[in-house]
Amino acid sequence: MSHEHVSYLELLARGAAAEAYDRPVLLARASGAGPETLAGLEEAKQLALRVRAELEGRRRREAELSALFATAHDLAGLRDLDAVLRAIVQRARSLLGTEVAYLSLNDPTAGDTYMRVTEGSVSARFQQVRLGMGEGLGGLVAQTARPYVTDDYFQDPRFQHTRTIDAAVRDEGLVAILGVPLSLGSQVIGVLFAADRRARVFEREQVALLASFAAHAAVAIDTANLLAETRSALAELERANDIIREHSGVIERASEVHDRLSELVLRGGGVHDVAHAVSEVLGGTVEFTEAGAASVGFTGAGAGSARRDGGHAVREGDDWVAAVSAGGEPLGALVLRGRPDLDPVDQRTLERAALVTSLLLLARRSAGEAEQRVRGELLDDLIDAPDRDRGLLRERAARLRTDGDVPHVVLAARVDRAAGGPADSEAGRRESADRRRLWSAASHLAATRHGLASARDGGTVLLLPLGPGESAADLARQTAKGLGGTLREPVTVGASAPVRALLDRPDQVAVAYGEARRCLDALGLLHRSGQGAAAEDLGFLGLLLADGRDIEGFVGRTIGQVVAYDRRRGTDLVRTLDAYFASGMSPARTKDELHVHVNTVAQRLERVGRLLGPDWQSPARALEIQLALRLHALSDVVTGA
């Protein structure tokens with residue numbers, strides 16, 4: 001076999017383009033081959049091209065058969081009609097090599113035809129066009145139930161041109177169009193199209209291929225219609241059975257919920273017990289959300305609609321909401337999730353549960369308000385009338401589970417808002433509302449910690465027990481943070497020193513309240529609104545505010561580490577500090593006062609900084625340290641140290 005013949009076999013093997021088959025002849029001619037050689041090469045080229053065309057035809061038919069097989073597979077597992085039709089149109093466009101393919105269906109109700117699926121279309125007008133029966137090339141296909149093809153749509157007089165159709169076709173830029181009917185028996189239900197934006201001739205094999213796809217599309221539509229009718233009939237049967245089953249269970253559910261709610265109320269159950277019971281009966285999830293709660297699972301509009309509807313349960317999205325109210329005051333709502341479709345009996349069950357919930361809330365509120373009043377009255381008596389019978393005070397405290405034998409702290413609290421704002425009348429109303437909210441939150445905190453709370457002097461006073469290892473300052477900070485988080489407003493809290501055996505000496509409570517008030521006022525003057533503190537947090541100012549005048553504690557908190565260091569190491573840091581401040585904070589003058597080298601002074605001051613912190617020379621800290629040094633020196637003189 002000659003080298004040139006091998007070249008043609010290589011071209012066939014790699015599927016080269018038709019133009020490549022001219023290359024062996026051109027190379028032979030260029031190398032001076034004789035006429036016989038050139039004639040032999042030309043004959044081999046023609047033979048190779050015929051083989052290539054045969055192979056191309058087989059590959060094309062194989063692709064067509066594969067696409068038709070895939071379409072049949074889609075039909076066998078039909079789930080989504082639109083997905084099947086899109087696949088058919090996409091495969092038709094790909095195999096016919098057209099720029100656009102689309103499928104239209106007849107609408108018997110509207111009496112026209114509309115686009116169902118388009119592939120390759122870029123014009124919104126074309127994708128949304130609706131055309132009357134018998135109009136355009138599709139109308140001709142529908143009338144004759146035969147395929148039609150046009151090489152140039154606008155120059156073809158065989159079908160009825162309309163302004164609407166021509167405008168849509170022109171907007172898409174189509175020129176050559178092939179249309180084949182979608183038929184169910186003798187009825188044409190639509191048309192499958194393949195189109196190009198240039199003139200072209202559609203071969204007979206391509207028309208037959210598109211007709212095969214159209215047949216598959218018609219089968220898919222017919223199958224989907226049959227499935228829809230079957231599903232509809234089954235659904236009707238299921239609905240009828242469901243109605244029978246539901247009606248048979250209605251009386252049982254209504255009786256069950258009545259018995260369970262009655263039992264809950266009689267044995268003192270709570271709101272969440274009601275929600276749990278109704279959840280089990282209705283087969284969903286019922287939650288109670290308080291009015292104004294940040295975590296509500298429904299919009300305010302839903303609860304408002306329920307109230308305006310006379311307390312009936314209303315649907316909001318997939319949830320049902322039954323408002324819980326008393327005397328027109330919204331207390332919250334019961335929200336049912338997981339049951340979007342409720343029958344009237346179940347709706348009434350939810351409404352009845354909302355009514356029971358409102359009764360339980362009113363009972364709980366009445367009991368809570370009574371307990372808050374009793375707690376407030378006891379605290380007021382401890383402050384205003386400490387000479388009351390101590391046995392009676394102890395008995396009242398025991399009923400409220402207040403242990404008078406553990407240390408307690410008196411805390412004065414108030415809501416601090418930024419200066420400025422609305423007019424005086426509105427500001428007054430808001431201030432009054434803040435006080436009520438603060439008293440309510442403080443009363444809840446006091447009940448939780450077995451303490452007492454009362455509204456007093458424009459704010460709230462609390463008497464809370466100290467926990468293990470807890471200081472008055474710790475309790476003040478926790479209370480300010482807790483009340484501020486509940487009210488979403490800054491709450492300032494001043495604390496007294498711990499009061500011990502308060503029921504044996506109730507007069508201590510009034511004194512401690514005065515100290516807590518002074519601490520509260522000092523926090524405002526120090527621009528520390530929204531914080532909690534005791535006298536021990538306020539440095540030397542705490543000495544003036546506290547009734548105990550804890551000088552030793554102040555000295556210990558201020559320079560205690562330096563004093564302890566001197567005692568352990570035998571150093572002279574306290575004396576160095578005293579000389580440093582007396583010398584106007586000048587290391588040079590300090591070394592003369594102490595008769596040491598200036599490096600020694602620097603080393604001692606560096607040690608002081610590590611003990612007291614880097615800000616020990618700031619004006620505020622320096623003032624406290626100097627006062628502590630004086631008080632420490634006085635205590636040494638008094639004790640004879």
Side-chain angles (χ1 to χ4, degrees), residues 53-72 74-75 84-106 113 115-121 126 129 131 133-161 165-166 168-169 172-222:
E54 181 66 23
L55 290 175
E56 284 293 322
R58 290 185 179 183
R59 277 195 291 268
R60 185 172 62 252
R61 285 192 293 276
E62 182 180 348
E64 292 170 356
L65 290 173
S66 177
L68 291 172
F69 178 79
T71 301
D74 289 344
L75 288 175
V84 174
L85 295 181
R86 277 195 300 272
I88 290 173
V89 172
Q90 289 168 358
R91 290 166 188 155
R93 178 193 177 205
S94 174
L95 290 177
L96 269 67
T98 58
E99 295 169 303
V100 183
Y102 50 100
L103 183 150
S104 68
L105 292 180
N106 297 341
T113 301
M115 291 290 185
R116 178 64 178 264
V117 182
T118 64
E119 178 70 20
S121 170
F126 183 79
V129 69
L131 38 141
M133 294 290 189
E135 297 177 352
L137 184 144
L140 189 59
V141 173
Q143 283 179 345
T144 62
R146 294 174 52 192
Y148 268 86
V149 62
T150 177
D151 299 337
D152 189 341
Y153 172 82
F154 291 102
Q155 301 302 320
D156 197 326
R158 290 176 298 167
F159 39 81
Q160 179 184 349
H161 288 268
I165 301 174
D166 286 0
V169 173
E172 188 64 56
L174 300 182
V175 176
I177 303 175
L178 165 62
V180 296
L182 277 69
S183 300
L184 290 177
S186 60
Q187 180 185 6
V188 177
I189 61 171
V191 179
L192 178 61
F193 298 89
D196 260 338
R197 296 186 177 92
R198 55 184 174 78
R200 67 169 285 178
V201 175
F202 288 98
E203 299 174 1
R204 187 165 47 205
E205 293 83 0
Q206 293 175 322
V207 176
L209 177 61
L210 193 63
S212 297
F213 279 121
H216 281 301
V219 170
I221 294 169
D222 191 35

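Atom set for the values below is all heavy atoms of this structure, side chains included, hydrogens, waters and symmetry mates excluded.
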Can you tell me how far [atom2] of [Y] sits from [atom1] of [X], rounded to the nearest 0.5 angstrom?
{"X": "H216", "Y": "L192", "atom1": "NE2", "atom2": "CG", "value": "11.5 Å"}
{"X": "M115", "Y": "L103", "atom1": "CE", "atom2": "CG", "value": "9.5 Å"}
{"X": "T113", "Y": "L131", "atom1": "OG1", "atom2": "CG", "value": "5.0 Å"}
{"X": "N106", "Y": "R116", "atom1": "CG", "atom2": "CZ", "value": "12.5 Å"}
{"X": "I189", "Y": "L182", "atom1": "CD1", "atom2": "CG", "value": "5.5 Å"}
{"X": "L85", "Y": "I221", "atom1": "CG", "atom2": "CD1", "value": "5.0 Å"}

Non-hydrogen side-chain atoms of D196 and V100 separated by less than 4.5 Å
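The answer is no, as the side chains (C-beta and beyond) never meet within the 4.5 Å cut-off.
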Can you name the closest pair of heavy atoms from [X] and [Y] and give their distance?
{"X": "S183", "Y": "V188", "value": "OG-CG2, 3.9 Å"}
{"X": "E172", "Y": "G120", "value": "OE2-O, 4.2 Å"}
{"X": "S104", "Y": "F193", "value": "OG-CE1, 3.6 Å"}
{"X": "P147", "Y": "V180", "value": "CB-CG1, 3.7 Å"}
{"X": "S121", "Y": "F126", "value": "OG-CD2, 3.7 Å"}
{"X": "R86", "Y": "V117", "value": "CG-CG1, 3.6 Å"}

[X]: which residues meet the side-chain contact (heavy atoms from CB on, under 4.5 Å) condition with it, sequence neighbours left out?
{"X": "Q143", "result": "L140"}
{"X": "A195", "result": "Y102, L174, I177"}
{"X": "E119", "result": "V89, Q90, R93"}

For the pair F202 and L210, evaluate side chain to side chain contact (heavy atoms under 4.5 Å, CB included) and give the outcome as yes or no after the intermediate values.
CA-CA 11 Å; F202 288 98; L210 193 63; over 6 Å; no
Given the rule in the side chain to side chain contact (heavy atoms under 4.5 Å, CB included) test, do V175 and T150 qualify, once you have shown the distances and angles that lead to the verdict?
CA-CA 8 Å; V175 176; T150 177; over 6 Å; no
Parallel, tilted or perpendicular for H161 and Y153, by the 30°/60° rule?
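It falls in the perpendicular class, over 60°.
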Please determine whether the number of non-hydrogen atoms from other residues, nucleotides or ligands lying under 6.0 Å from atom CZ of R197 exceeds 12.
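Counting neighbours around CZ of R197, more than 12 heavy atoms of other residues, nucleotides or ligands fall under 6.0 Å, so yes.
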Flag yes if more than 12 heavy atoms outside R204 fall under 6.0 Å of its CZ atom; otherwise flag no.
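For R204, atom CZ is not crowded (no more than 12 foreign heavy atoms under 6.0 Å).
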Is the side chain of T98 donor-acceptor paired with the backbone N or O of S94 at a distance under 3.5 Å, no angle test?
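Looks like no, no N/O pair under 3.5 Å.
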Using only atom types and a distance under 3.5 Å, with no angle test, would you say the side chain of Q206 pairs donor to acceptor with the backbone of E203?
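Yes, Q206 side chain to E203 backbone: donor-acceptor pair under 3.5 Å.
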